[in-house]
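These notes concern the structure reproduced below.
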Amino acid sequence: MSEFALLTLLIGALGLVALGIGGLVLSRNLFRVVLALALAEAGANLLLVLVGFRQSAWGAIAPIIESGRDAASLTPSMVDPIPQALVLTAIVIGVGVQALALSLAIRAYGAYGTLDMNALRARMETDIDSAAGTQPARCQHAPAGGRPLPPISAGARRADTPGTPA
Amino acid sequence: MAWADLVIVIMVVLVLVAACAALFLKNLLGAAVATALVSLGVSVFFVMLRAPDVALTEAAIGAGLGGLLLALAARRLGLWRIEAQEESEHAGGPAC
Amino acid sequence: MLTRYGTLLFAAGFAFLLFVLFTSQPLGAPPMLAGQALLDEAATTVGAANIVTAVVLAYRGIDTLGELSILFAAATAVGLVLGSAHRTLGAGAPREPGGFILRAGVDFLFPLLLLVGFYIIVHGHLTPGGGFQGGVVLAAAFVLPVLARPTETLSHKAMARVEGLAGGVFILTGLGALAFDRAFLAPLLGPGQLGALLSAGTLPVLYLAVGLKVGAELASLLLRLSEDEADA
C-alpha cells in the first residue's frame with residue numbers, strides 16, 4: 001500500500017467520523033440519530049485499525065501465523081494485533097448499544113407517537129406540566145431553542161424556521 | 001497512480017456517498033440500508049489493512065446483524081410506509 | 001441556525017485536528033512496542049496461530065469477560081424496555097408465514113449456517129474468525145426460521161439457559177486457572193503444537209463459550225425486536 005492510499009483511507013475514516021458527529025447533533029429524527037451513531041462508530045474503528053497498520057519492505061502480513069512457516073521470520077512484518085483486538089471488542093459492543101438505542105426509540109414512539117425530537121420534547125413537557133399540575137412555563141422573549149408547544153399552526157411556523165436536514 | 005490506489009479512492013468515495021445517503025435520504029429504510037453498505041465498505045478496507053478478523057466481524061455484525069436490527073426496528077416503527085415524514089410540521093421555534 | 005453552523009464547524013474542526021494528529025507521525029510505520037513484544041512471544045507462550053485471538057482471550061481475557069457482561073446488560077435492557085408482558089392483550093391478527101421459496105430456502109440454509117457458525121468458532125485460534133463472528137452466524141441461523149414462519153417462535157427460556165451455561169463455562173475455565181497458580185483466565189494445558197486444531201490450551205473452550213453466549217444473546221435480542229408490537 002502506498003502512502004497515498006493510506007492517506008486516502010485516513011481521509012475516508014475522518015470523513016465518516018465527521019459525518020457521524022454532524023448527523024448525531026443535527027438530526028431531529030431519533031432513528032437517524034442511531035444511524036449517525038453507527039456511521040461515527042465505523043469511522044472510529046477504521047481509524048484505529050489504520051493506526052495499527054505497518055508495512056516493511058516485504059509488505060504487510062496479517063497477524064496470523066501460517067502453519068509450516070517459521071514464526072520468527074514472519075513477525076517482523078506483521079501488523080499490530082492490539083488495535084485489531086480492541087476494534088473487535090468495539091464492534092460487538094457497538095451493536096449492543098445500537099439495539100438498546102433502537103428499543104428505546106421504539107418505546108418513545110409507542111408512548112408519544114412521533115420520532116421527531118422537538119415534538120417529543122414538547123409532548124414530554126406538557127406531560128410533565130400536567131402531571132405536576134402547573135401551567136406551562138412562558139418565556140419573556142424568544143430565546144434560542146425556545147419551547148415549542150403541541151398545538152402549532154404549521155404554516156406560520158414553517159415560514160420562520162429554516163429547514164434542517166432530516 | 002497505481003491501480004490499487006485507484007480502487008481505494010473509488011471505494012472511499014463510494015463509502016462517503018453512502019454515508020451522506022444514510023444521513024439525507026428521506027426514506028428511512030433506504031437510509032438503514034445505506035448504513036449497512038457503509039459497514040460493508042469499511043470491512044473491505046479492513047481486509048486491505050491486513051485485519052481479516054476485524055473484517056469478518058464488521059461484515060457479520062456491522063453489515064449483517066446491524067442491518068437486520070435496523071430493518072426490524074423500522075418495521076416496528078412503521079417506517080415502511082412513510083416516504084416523507086411529517087417532521088417539518090412540528091418544527092421547533094419560539095413558543096411565545 | 002447558529003447551532004447548526006457551530007456543529008458543522010465543530011465536526012470539521014475535530015476531523016482536521018485528528019488529521020493533523022495522525023499525519024504528524026508517518027503512516028504505515030507505528031512504533032508498536034507492545035505489539036511487537038506480543039507478536040514475538042505469542043506463538044510460543046500461548047500457541048494460537050491467530051495472534052488476535054491470543055490477545056483477545058489470553059492476554060486480555062478479563063476485558064472480554066467485561067465485554068460479554070456489557071452485551072448481556074444490553075440484551076437484558078432490551079428485553080426490559082420492550083417487555084413482552086402486555087403483548088398478549090393487544091396482539092392483532094397473527095402474521096402470515098412467508099412464501100414457499102422463503103420457507104424452503106430457510107430450511108436449506110439452516111444446517112449450512114449451523115455448520116459455518118461452528119466451523120468459524122472452533123477454528124477461531126487458527127484462522128480469522130472466532131466466537132463473536134461464529135456466534136452471529138449461529139444467531140442468524142436460529143432467527144431466520146422465525147422470520148420465515150412468524151407463528152413458531154423460539155423460547156426465550158431455552159436461550160437464557162444456553163447463555164447462562166456458556167457464561168458459567170467461561171468463568172469456570174477462568175477460575176480453573178487459579179487452581180494451578182495462574183492468573184484468572186490464563187490459558188491452561190500448555191500451548192501444544194502450533195497450527196493444530198487441538199492447540200493453544202483452553203482457548204478453544206473459551207471461544208466456544210463466547211460463541212454460544214453471543215449467539216444466544218443476539219438471537220434473543222433480534223427476536224425481541226421482531227416480535228409484534230404491543231401497542232400499535
Side-chain angles (χ1 to χ4, degrees), chain A residues 1 3 6-7 9-11 13-15 17-22 25-26 47 50-56 60 62-68 71-72 74-76 78-85 88-89 91-93 95-97 99-100 102-104 106-107 109-111 144-145 162 164-165, chain C residues 1-4 7-8 10-12 14-16 18-19 22-23 27-30 32 34-36 38-40 42-44 49-52 54-56 59-60 63-64 67 70-71 73-75 77-78 81-82 126-128 130 132 194-196 214 217-218 221-222 224-225 229-232:
Chain A
M1 264 212 202
E3 182 82 7
L6 288 177
L7 211 60
L9 281 181
L10 179 62
I11 290 173
L14 291 179
V17 171
L19 279 175
I21 291 177
V25 182
L26 291 180
L47 203 60
L50 188 62
V51 170
F53 181 78
R54 78 164 169 185
Q55 53 188 357
S56 54
I64 295 171
I65 301 168
E66 277 179 72
S67 55
L74 293 178
T75 47
M78 275 184 181
V79 300
D80 198 346
I82 298 178
Q84 296 192 12
L88 202 68
T89 309
I91 291 173
V92 179
I93 289 181
V95 85
V97 169
L100 186 54
L102 282 174
S103 67
L104 287 176
I106 288 173
R107 216 10 111 209
Y109 184 75
T164 41
Chain C
M1 209 57 204
L2 197 64
T3 339
R4 202 174 155 202
T7 310
L8 289 179
F10 170 74
F14 185 68
F16 179 72
L18 280 179
F19 183 78
F22 282 109
T23 47
L27 278 176
M32 220 178 113
Q36 188 61 52
L38 282 185
L39 285 176
D40 286 339
T44 48
N50 186 347
I51 297 177
V52 176
V55 173
V56 165
Y59 293 106
R60 244 190 34 182
D63 208 358
T64 305
E67 174 189 7
I70 288 180
L71 205 58
V78 169
V81 170
L82 295 179
L126 302 177
T127 56
F132 298 109
L194 186 71
V214 168
E217 265 160 12
L218 291 181
L221 210 153
L222 280 174
R224 286 260 188 244
L225 273 175
E229 51 268 22
D231 40 10

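Naming: A, B, ... by sequence-line order, numbering from 1 per chain.
Residue C:Ala34 touches chain A through both its backbone and its side chain, counting heavy-atom pairs closer than 4.5 Å. Only the side chain of C:Leu221 has a heavy atom closer than 4.5 Å to any heavy atom of chain A. Only the side chain of C:Phe10 comes within contact range of chain A, with at least one heavy atom under 4.5 Å from a heavy atom of that chain. Looking at A:Leu10, the atoms closer than 4.5 Å to chain C (heavy atoms on both sides) all sit in the side chain, from C-beta outward. Both the backbone and the side chain of A:Val51 come within contact range of chain C, with heavy atoms under 4.5 Å apart. At a 4.5 Å heavy-atom cutoff, the contact between C:Phe19 and chain A is made by backbone and side-chain atoms alike.
Counting all heavy atoms, side chain and backbone alike, A:Gly22 lies closest to C:Ala11 at N-CB, 4.2 Å. Residues C:Val55 and A:Ala85 approach most closely at CG1-CB, 3.6 Å, considering heavy atoms. Nearest heavy atoms, A:Leu88 versus C:Glu67: O-OE2, 4.2 Å. C:Leu39 and A:Arg54 get closest at one heavy-atom pair: CD1-NH2, 4.0 Å.
Interatomic distance, C:Phe132 CZ to A:Thr89 OG1, rounded to the nearest 0.5 Å: 6.0 Å. With rounding to the nearest 0.5 Å, the separation of CG in C:Asn50 from CD1 in A:Ile65 is 9.5 Å. Here the CD1 atom belonging to C:Ile51 is positioned 8.5 Å from the CD1 atom belonging to A:Ile64, to the nearest 0.5 angstrom. Taking CD1 from C:Ile70 and CG from A:Leu100, the interatomic distance works out to 12.0 Å, rounded to the nearest 0.5 Å. To the nearest 0.5 Å, atoms CZ (C:Phe22) and CD1 (A:Ile11) are separated by 13.5 Å. Rounding to the nearest 0.5 Å places CE of A:Met78 at 10.0 Å from CG of C:Asp40.
Looking at residues two or more places apart in sequence or on another chain, you find no side-chain hydrogen bond (donor to acceptor under 3.5 Å, both in side chains) involving A:Asp80. In this structure C:Arg60 satisfies the salt bridge (Lys or Arg N to Asp or Glu O under 4.0 Å) test together with C:Asp63, sequence neighbours excluded.
Contact count against chain C (heavy-atom pairs under 4.5 Å) is highest for A:Ile82 among A:Leu50, A:Ile106, A:Ile82, A:Val97. Heavy-atom pairs under 4.5 Å with chain C peak, among A:Pro83, A:Gly96, A:Pro81, A:Gly20, at A:Pro81.
Just one of C:Leu218, C:Leu71, C:Thr64 meets the side chain to side chain contact (heavy atoms under 4.5 Å, CB included) condition when paired with A:Val92; it is C:Leu71.
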